[in-house]
Amino acid sequence: MPGEVDQDLIGLRPRETADAALERAARLGAEHTSVRVERTRRSVVFLRDGAPSNSSDSTDTAVAVQVLRGGGTGFASRTAPVPRNAALCAERAVDLAKAAARVGGGGSDPVDEPVHRATWRASYEVNPFDVPSEERTALLADWSRRLLSSPPVSHVWAMLAITEENKFYTDSAGTETLQRRVRTHPMLVAVGTHPRTGRTASLRTLGGPSGQGWEYLSGTDWDWEAELSELPGHLDGKLRAPSVEPGRYDLVIDPSNLWLTLHESVGHATELDRILGHEAGYAGTSFVSASDLGTLCYGSDLMNVRADRTAPGGLATVGFDDEGVKAQEWSLVEEGLLVGLQLDRRGARTIGSPRSNGCSYAESAAHAPLQRMPNVSLRPSPGGPSTPDLLGGVDDGIYVVGAAGWSIDMQRRDFQFTAQRCYRVRGGQVAEPVGDVAYRGNTQDFWAALSAVGGPQTYRLFGADLCAKGQPTQSAPVSHGCPTALFEGVSVRRSV
Amino acid sequence: MADRTPQETAERVLADCRADACVVIVEQGGGTHLRWAANTVTASGSADVGRTTVIALRNTREGTSAGVVSHSGVHGVDTSRIAEEAWRSCSGNPVVADAPALPGPGEVPVGSAAEWRSPAPAPPEDPLGNVPEELRSAFARARAEGRLLHGYAERHVRTTYLASSTGVRLRHTRPTALLDLTMRGVEDPATSWAGDSATTAPDTPFPEGWVTAMDDRLRARPRRTRRSACPPGRYEVILSPSCVADLMLHLYRELDADDALHGRTVFGRPGGGTRLGERLTSQPLALSSDPALPGMGAVPFVVARGADGAASVFDSGLSLGATDWIADGVLNTLVHDRRSALRAGVPVSPRIDNLRLEGPADAPSLADMVASTRRGLLVTSLWYLRQVDAASLRLTGLTRDGVYLVEDGEVTGTVGNSRFDESPVGLLERVTEVGRSTRTLPREWGDCTVRTAMPPLRVADFALSAATTSV
């Protein structure tokens, strides 16, 4: 595969650097050591009304060493990945592990993982960094100008963020992997003002970040042309939309909105480190407990949620995680029943699981790996209905499109979500736009209200590239696939 | 090759750069942290920070374009490569017709040039100092008392060097210590949180006794007391300084003048213009920033790295001074770079990395405010604040780890958590009492903005819209 390996990372001689760390850590008594040498490129450009307003390009290279020694864990990182620094990192990590063990470190042994030696590259077609920056910016500028030429759009804010992540991993068990993947995140926000009322509204493109390359902007898996053509009309509808009447409604939720609800209420709730209380002081815990496996009714029997680190184009898709575990796919919820959790190697040991399912990730070599979310997706119903068919079964409801605001409590139980745009559904047909919709619910009640799931033709992949967790805080990219789905009797209130 | 100093790296980039003007920002430092949950250490780590950022400017007849490129590392960074990349990236970027010339030595903080030449302060041998020992004692005590401690301690130092082709040479060091502690009962649903940050000398470790003192503070809070639910409604609340910090940081983020002028924020006036000069509260509240605030020192010059949008690259190195955003309850200043200030005909007022809200000089303490409360809620931390309406800056969020019922001047029980819906701007109109301002750590924003000093506020009709059983 062309471009399989980042030659700049190879030029850093990562194996030589890692060997220095492994040797020093072993000499200092570390029972398990892992080393990452990473080179990450990021580029972002912002445009206002079609003119670039701000941009930057960055390249980060660093070495990271994590050790387990005497019941404590220690981590150290340095920006210049050379053998001397790697050895210093090993010394520092061992010192910190000793200190943690003296206090009372929770450094359980990682569960076993077969030894892997592999090179892996994500399935993108065109590395976005191979496209000249002028060309990247010109496309966003062209899209912005097209939007600006269509009333009621008065301003357009655009962004394109691209990332290339190159990672060399090795550990004291003998695993050695080399990986390369990219992320592409275009976003446009159109702003308009109602000519009579003076009311201002904005609408964001629904196509989110992707693990694909430049081909994503050419229409692979997302029809940008269609979205840009329709956006001014949708904005006009939003400007004229009356506020929603609070009450209980049947909601037909588009995958462009439902992915975020799934992320917050299922994705985070099934993270084992939250369940174990490791995030109790910061990101929060979960209403789920490890003993709920196989017994907790998460939602209706139409609810099937799969986790994976393998989906093509997925933001959490890798060949191997940051503990050297091969990427896998498994179930979190089957027919409404909780059947799986997200594990890293230490977490797996804690709950007696024989193997991690590969959910370890660090934002960069400056960060220690945490248990992070894989791609988490609601499965479509085989042979299930289309979106019009789902709408056709609703006599009086709301069709919810595009993720906007979100807020959920510390145990992932009670939440509120808003949308980019909403429509009343009357007599099985999409009717007029309706504004200021905020739907609220309790995770289990909400998923119990799932009464119809769209077929594969409604299934789409969305996601977030800046999901934050941990102290020091680090971000992770993650995708969520969803079909269109119907939820009955959901509480709706005005967001303003 | 011998390691270069940050100053030498900056000078070499300037020498290698063929741009018409150039700024080099070198950041160096490191941090060490310890994290724990349920009376057990879960992570300990250390990371150095090194980054070299080059801003190249190209002048044409139409104006100036800027290219911004950043590489991790300081000592061994390829100076000619990064300079060339920045210069080349100018061509793909916009030409700014009214770009001001880079600030010269006369427009930057006095005295910083002398500091430039001195070596960066050496970090302490043992950055976390006595934290492990204090934690071990705290864990033992917590286990004996049926309590679970969760928390995080971090000590880091960042030094920023800024050099420009106009002769500016600046350096600033920011040492920071952070501590937060959450207490849960093994069999008690009541939870408590406390957090703090401190600015200490760069070569000194974590403040001694801090962990023990914070644990003492949490132990003194009500536990195993009557716990009541809180039905939706409007309540008199006393917001702790941490809560006020989270709310005011949302307000501060919306102070950009251009955004206000274009009606994108709560500080735009319907139909055009801004709300400058408008009274936001009847209380004598002052919201200000000042890089020279004792104990809360921030970088005293503009550091613009490009895409974060917080400052203009053309203002790099510009001196920052005390700024009153709200004075005596009136919106007094919006955030302006030099270009927008010139257009608006006002003094330049860039963003500063600290924030203080103050009331009257004889303001009561939080304890005094509780003592004078007939019936109300004391809220000690907020979480998951998200904007739901830009025009009003309405936020939704949750109370977390410490809501208390106050009756006849005393805390009489704990209260379950609730979702709230409030605007930090609208809320100012309903402030009925302002307490004494103290340094505080915002619970939600504490991972990025730690230099805040806030008072407790008594707010009438605070909107709690739904109770949650979550803790």
Side-chain angles (χ1 to χ4, degrees), chain A residues 44-46 51-62 72-80 92 96-97 99-100 102-106 133-134 137 155 191 193 198 200 276-278 280-282 287 366-368 405-411 413-414 416 418 438 440 471-473 495-496, chain B residues 33-35 37-48 50 68-73 75-76 85 89 91-94 132 135-136 139 150-152 154 180 182 184 262-263 270-271 305-307 309 383-384 386-389 391-392 394 396-398 400 417 419 447 466 468-471:
Chain A
V44 60
V45 59
F46 294 95
S53 63
N54 224 334
S55 70
S56 69
D57 293 275
S58 66
T59 304
D60 291 283
T61 52
T73 61
F75 167 85
S77 162
R78 289 204 162 208
T79 51
R92 184 79 183 120
L96 288 165
R102 280 196 297 272
V103 180
S133 63
E134 293 89 341
T137 306
H155 293 287
V191 181
T193 304
T200 297
L276 295 174
H278 293 181
Y282 182 65
F287 70 92
H367 299 85
W406 72 101
S407 180
I408 188 165
D409 72 36
M410 301 67 72
Q411 288 187 274
R413 191 178 272 123
D414 295 304
Q416 171 176 305
T418 60
R440 285 187 172 182
Q471 289 174 300
T473 308
S495 60
V496 297
Chain B
H33 66 266
L34 201 60
R35 199 175 190 211
N39 305 335
T40 302
V41 171
T42 53
S44 58
S46 147
D48 76 350
V68 184
V69 169
S70 165
H71 282 208
S72 62
H75 308 301
E85 284 177 1
S89 75
S91 61
N93 288 336
L135 266 185
R136 192 158 63 165
F139 288 169
H150 310 259
Y152 179 70
E154 179 183 334
D180 71 57
T182 302
R184 293 171 163 241
H262 288 98
R305 299 177 190 84
W383 189 244
Y384 229 113
R386 294 292 184 274
Q387 191 183 119
V388 289
D389 181 50
S392 62
R394 181 170 158 141
T396 188
L398 293 133
R400 180 177 182 184
N417 287 308
R419 176 169 295 286
D447 58 338
T468 174
T469 56
S470 291
V471 292

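Model, not experiment: these values are computed from the prediction. All chains are named by letter (A, B, ...) in the order of the sequence lines, taking the proteins before the strands, and each is independently numbered beginning at 1.
Proximity to chain B involves both the backbone and the side chain of A:A76, based on heavy atoms less than 4.5 angstrom apart. Only the side chain of A:H155 comes within contact range of chain B, with heavy atoms under 4.5 Å apart. At a 4.5 Å heavy-atom cutoff, A:A80 makes no contact with chain B through either its backbone or its side chain. For A:A97, the part lying near chain B is the backbone, with the side chain staying farther off; criterion is any non-hydrogen pair under 4.5 Å. For A:I408, the parts lying near chain B are the backbone and the side chain together; criterion is any non-hydrogen pair under 4.5 Å. For B:A38, no part lies near chain A; criterion is any non-hydrogen pair under 4.5 Å. Proximity to chain A (any heavy atom under 4.5 Å) is shown, for B:T396, by both the backbone and the side chain. Proximity to chain B (any heavy atom under 4.5 Å) is restricted, for A:R92, to the side chain, taken from C-beta onward.
Separating the OG1 atom in A:T418 from the CD atom in B:Q387 is a distance of 10.5 Å, to the nearest 0.5 Å. Atom CZ in A:R413 sits 3.5 Å away from atom OG1 in B:T469 (nearest 0.5 Å).
Counting heavy-atom pairs under 4.5 Å between each of A:G405, A:S58, A:S407 and chain B puts A:S407 at the top. Ranked by non-hydrogen atom pairs under 4.5 Å with chain B, the options A:R102, A:R440, A:H367 are led by A:R440.
When all heavy atoms are compared, the tightest approach of B:V471 to A:M410 is O-CB, 3.9 Å.
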